[in-house]
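Step one of this worksheet: look at the structure below.
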Amino acid sequence: MTNHFWVVGTDTEVGKTVVTTYLLRYFQEKGETLAYKPVQTGLVQEESRSYYADTEFYQTHSRVP
């Protein structure tokens, strides 16, 4: 059986990404868990590099590559 949950907030900068990352790491200690963000806005563009800040945050702090 697949278990999943949603982290939801109604505004920007309320801590959804930080809470999700904390939960991601907690559950990764108990077995393989991945974060999935189906909708994302706010593409960051720096010089020749473009990325989504939330996705990069998850990848940086995940225990699983």
Problem - Shared-cluster residues of Val14, by chain and number - hydrophobic side chains joined below 4.5 Å - result: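 Other cluster members: none.
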
Practice task
Decide yes or no for Tyr58 and Thr17: does some side-chain heavy atom of the first lie under 4.5 Å from some side-chain heavy atom of the second?
Solution key: yes

Exercise for the section: Taking atom CD of Glu29 as the centre, report whether more than 12 heavy atoms of other residues, nucleotides or ligands fall under 6.0 Å from it. Expected result: yes

Exercise for the section: May I ask whether Tyr36 and Phe5 are part of the same hydrophobic cluster, defined by side-chain heavy atoms of I, L, V, M, F, W, Y residues being less than 4.5 angstrom apart, directly or through others? Expected result: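 No: no chain of side-chain contacts under 4.5 Å links Tyr36 to Phe5.
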
Handout entry: Hydrophobic cluster identity match, Val64 and Leu23, side-chain contacts under 4.5 Å
Key = no

Practice task
Under the side chain to side chain donor-acceptor pair (under 3.5 Å) rule, collect the residues that match up with Tyr52, sequence neighbours excluded.
Solution key: none

Exercise for the section: Report the residues that fulfil ring pair (Phe, Tyr, Trp, His ring centres under 6.0 Å) with Phe57, sequence neighbours left out, ordered by chain and then residue number. Expected result: His61

Could you tell me which non-hydrogen atom of [X] sits nearest to which non-hydrogen atom of [Y], and how far apart they are?
X	Y	value
Gln40	Ala53	OE1-N, 4.4 Å
Ala35	Leu24	N-CD1, 3.6 Å
Gly9	Lys16	N-CD, 3.2 Å

Problem - Donor-acceptor under 3.5 Å (Gln45 side chain, Ser50 main chain) - result: no

Practice task
Check whether NZ of the Lys or CZ of the Arg Arg25 lies under 6.0 Å from the centre of the six-membered ring of Tyr22 and within 45 degrees of that ring's axis.
Solution key: no

Handout entry: Lys/Arg-Asp/Glu bridge criterion (N-O < 4.0 Å) met for Glu32, Arg63
Key =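 Here Glu32 does not pair with Arg63 in a salt bridge, since their nearest N and O are not under 4.0 Å apart.
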
Handout entry: Spacing of OG1 belonging to Thr33 relative to OH belonging to Tyr26, to within rounding of 0.5 Å
Key = 10.5 Å

Exercise for the section: State, without any angle test, whether Tyr51 and Glu46 hold a side-chain donor-acceptor pair at a distance under 3.5 Å. Expected result: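 The criterion, which ignores hydrogens and geometry beyond distance, is satisfied for Glu46 and Tyr51.
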
